[in-house]
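Data first, discussion second: the structure below is written as C-alpha cells.
Computation of the quantities below employed the complete heavy-atom set of this structure, encompassing side-chain atoms and omitting hydrogens, waters and symmetry-equivalent molecules. Indexing begins at 1, ligand by ligand and atom by atom, following the structure's order.
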Amino acid sequence: MHLQFGCADVQNKYGKGNMSTTQEQQAKIRIENLKLWYGQAEALHGITLDIPTNSVTAFIGPSGCGKSTLLRALNRMNDRIRGCRIEGSVLLDGKNIYDADVDVVQLRTHVGMVFQKPNPFPKTIYENVAYAPRIHALASDGAKMDQLVEESLRKASLWTEVKDKLNQPGTALSGGQQQRLCIARTIAIRPQVILMDEPCSALDPIATTKIESLIEELKEEYTIAIVTHSMQQAARVSQKTAFFYLGDLIEYGDTGAIFTNPKEKRTDDYITGRFG
Ligand SMILES: Nc1ncnc2c1ncn2[C@@H]1O[C@H](COP(=O)(O)OP(=O)(O)O)[C@@H](O)[C@H]1O
Ligand SMILES: [Mg+2]
C-alpha cells in the first residue's frame with residue numbers, strides 16, 4: 001500500500017517571499033461536500049471546509065450538531081460504527097483518505113486522536129508511549145526507544161513530572177497528567193495532524209490551562225483540529241473557528257472575526273449565549 005502524504009514543497013519551489021496568502025495557508029485537510037449517515041439519519045449535510053497547516057482549528061456548536069462526527073471522519077474512526085456511511089471526500093495533502101487504496105492503520109499514524117476522557121493503557125508510563133512506536137517499528141533498539149519516549153513526553157510537557165517514575169502505571173497519574181500522557185502517546189508515532197475531542201472537558205482549570213498552552217506549542221509542528229464546548233477555549237487556542245448547527249457548517253473563519261463580528265445570526269446567537 002502506498003500512501004503519499006508528504007506535502008508538496010511549494011515553499012522551496014517559489015521561495016517564501018513570493019508566495020501568495022493562499023499558498024502560504026495551504027490546507028492540510030480539505031473536506032469536500034462531506035455527508036454522513038448513521039443508518040437512515042443524516043448527521044452531516046455536506047460539509048466543505050479547509051483545515052490549514054500548522055494551526056489550530058476549533059469546531060464549536062451546540063451538543064449533537066455533528067462536531068465529533070466530523071472530527072472522527074478525519075481519521076476514519078467512523079469506519080468502526082455499524083451502519084455509518086459517508087459521501088464526499090476528505091483530502092489529506094491532496095489524497096482522499098476514503099480512497100479504496102488507503103490503509104486505515106497507516107492513516108491513523110498520520111492523523112492521531114486524543115479523546116474527551118484521558119484513556120491511558122493499563123501499562124506503565126513508558127509503555128503507554130512506547131506501545132505504538134513498537135508496533136510500527138519506529139525505534140530500532142532500546143536506546144532509540146528511550147529517546148523517542150523522552151522526546152514525546154517532553155513535547156507533551158510531561159517529562160519533568162514523570163522522568164523518575166516511568167515504570168509506574170499511567171493510570172496512577174492525575175487526570176491532567178493522564179491527558180498529557182495520551183498526547184505524548186499520540187505524538188510518539190509522529191503524526192502530522194492531531195484531532196482532539198473536548199480534551200479538557202474532564203479536567204480542572206489548572207490542568208486545562210496546561211493543555212491549552214501545550215496546544216499552542218504543538219501547532220508549530222502539527223496541524224490541530226479541536227472540538228470544544230467552551231467558546232472561551234476556542235477563542236484562546238484556535239486561529240480558525242467553524243460553527244456547526246444541526247449537521248450544517250453555518251460559519252467558518254478567523255477565530256477573532258467569528259467571536260467579535262460573526263456574519264450569521266445563528267453564530268451570533270450561539271456565541272452570545274442565546275442558545276446552546
Ligand atoms: N454512533 C452513533 N450512532 C448513531 N447516531 C450517532 C452516533 N454518534 C452520533 N450520532 C448522532 O449524530 C448526531 C451528531 O452527534 P455528534 O457528532 O456526537 O455531535 P456533537 O459532538 O456535536 O455533540 C447526533 O444526532 C447524534 O445523536
Ligand atoms: Mg461530541
Side-chain angles (χ1 to χ4, degrees), residues 29 31-51 56-90 97-98 104 107-108 111-119 175 178-179 182-183 186 193-203 207-208 211-212 215 223-238 240-253 255 258-259 262 264-276:
I29 295 180
I31 303 165
E32 287 177 343
N33 199 19
L34 189 75
K35 297 181 180 177
L36 185 148
W37 291 261
Y38 293 114
Q40 299 297 309
E42 190 175 313
L44 297 175
H45 309 303
I47 306 292
T48 296
L49 172 68
D50 275 359
I51 296 182
V56 181
T57 301
F59 295 175
I60 63 166
S63 185
C65 68
K67 305 179 296 294
S68 297
T69 297
L70 181 63
L71 197 74
R72 286 196 299 262
L74 305 184
N75 74 346
R76 295 185 51 173
M77 280 297 191
N78 292 310
D79 285 17
R80 299 177 179 182
I81 300 170
R82 271 180 67 127
C84 180
R85 183 167 67 83
I86 82 136
E87 265 177 25
S89 50
V90 175
I97 66 168
Y98 286 93
V104 179
L107 167 68
R108 294 197 187 122
V111 186
M113 191 147 184
V114 176
F115 299 88
Q116 208 163 337
K117 229 176 135 270
N119 56 349
Q178 286 188 26
Q179 196 60 304
C182 293
I183 292 172
T186 304
V193 179
I194 304 177
L195 310 174
M196 299 183 171
D197 196 348
E198 304 200 23
C200 302
S201 64
L203 306 181
T208 297
I211 302 276
E212 287 182 2
I215 291 171
T223 298
I224 297 173
I226 180 173
V227 169
T228 174
H229 64 259
S230 157
M231 285 179 273
Q232 289 80 1
Q233 178 165 78
R236 283 193 299 264
V237 304
S238 73
K240 296 275 186 190
T241 294
F243 170 65
F244 297 89
Y245 185 65
L246 297 176
D248 280 312
L249 173 63
I250 304 298
E251 190 167 351
Y252 173 58
T255 296
I258 295 279
F259 285 104
E264 298 291 328
K265 184 174 182 306
R266 274 176 297 187
T267 314
D268 195 29
D269 287 349
Y270 183 69
I271 63 170
T272 53
R274 278 194 277 273
F275 74 93

Legend entry - Where ligand 1 meets Arg72 - atom numbers and elements under 4.0 angstrom, heavy-atom basis: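 Per the distance check, 8 (N).
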Legend entry - Ile81 neighbourhood, listing ligand 1 atoms whose heavy-atom distance to it stays under 4.0 Å: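 Answer for ligand 1: 1 (N).
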Can you report which non-hydrogen protein atom sits closest to [atom], along with the distance?
atom	result
atom 19 (O) of ligand 1	Gly66 N, 3.2 Å
atom 18 (O) of ligand 1	Ser68 CB, 3.9 Å
atom 13 (C) of ligand 1	Gly64 O, 3.7 Å
atom 10 (N) of ligand 1	Tyr38 CE1, 3.3 Å

Legend entry - From CD1 (Ile215) to CD1 (Ile183), nearest 0.5 Å: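 With rounding to 0.5 Å, CD1 (Ile215) is 6.5 Å from CD1 (Ile183).
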Legend entry - Gln116 near the Mg ion (ligand 2) via N/O/S, less than 2.8 Å: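 Of the N, O and S atoms in Gln116, none lies under 2.8 Å from the Mg ion (ligand 2), which means no.
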Legend entry - Result of checking Ser201, Cys200, Ser63 against His229 for side-chain contact (heavy atoms from CB on, under 4.5 Å):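 With His229 as partner, Ser201, Cys200, Ser63 yield a single side-chain contact (heavy atoms from CB on, under 4.5 Å), made by Ser201.
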Legend entry - Sole residue of Thr241, Val227, Leu249 in side-chain contact (heavy atoms from CB on, under 4.5 Å) with Phe59: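 Single pass found, and it is Val227.
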Inset, instruction - For ligand 1, note which part of Arg80 has a heavy atom under 4.0 Å away: side chain, backbone, both or neither. - result: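 The answer is neither.
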Inset, instruction - Kindly confirm or rule out an N or O of Ala43 lying under 3.5 angstrom from an N or O of ligand 1. - result: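 No, there is no polar N/O contact under 3.5 Å.
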Looking only at heavy atoms, what is the nearest atom pair of [X] and [Y], with distance?
X	Y	result
Ser68	Asp197	OG-OD2, 2.7 Å
Leu246	Cys65	N-CB, 3.6 Å
Leu71	Met113	CD2-CE, 3.8 Å
Asn75	Arg108	O-NE, 3.0 Å

Legend entry - Contact bool for atom 4 (C) of ligand 1 (protein heavy atom, d < 4.0 Å):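 Protein heavy atom within 4.0 Å of atom 4 (C) of ligand 1: present.
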Inset, instruction - Return yes when at least one protein heavy atom is under 4.0 Å from atom 27 (O) of ligand 1, and no when none is. - result: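 So atom 27 (O) of ligand 1 lacks protein heavy-atom neighbours under 4.0 Å.
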Inset, instruction - With atom 17 (O) of ligand 1 as the reference point, say which of Leu44, Thr69, Val227 has the nearest heavy atom. - result: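 Selected option, by shortest heavy-atom distance: Thr69.
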Legend entry - Step-by-step side-chain contact (heavy atoms from CB on, under 4.5 Å) determination, Thr57 to Tyr252: CA-CA 10 Å; Thr57 301; Tyr252 173 58; 4.1 Å; yes
Inset, instruction - Compute the minimum heavy-atom distance from Gly61 to ligand 1 and say whether it is under 4.0 Å. - result: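 No.
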Legend entry - Phe243 ring center near Tyr270 ring center (under 6.0 Å):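 Yes.
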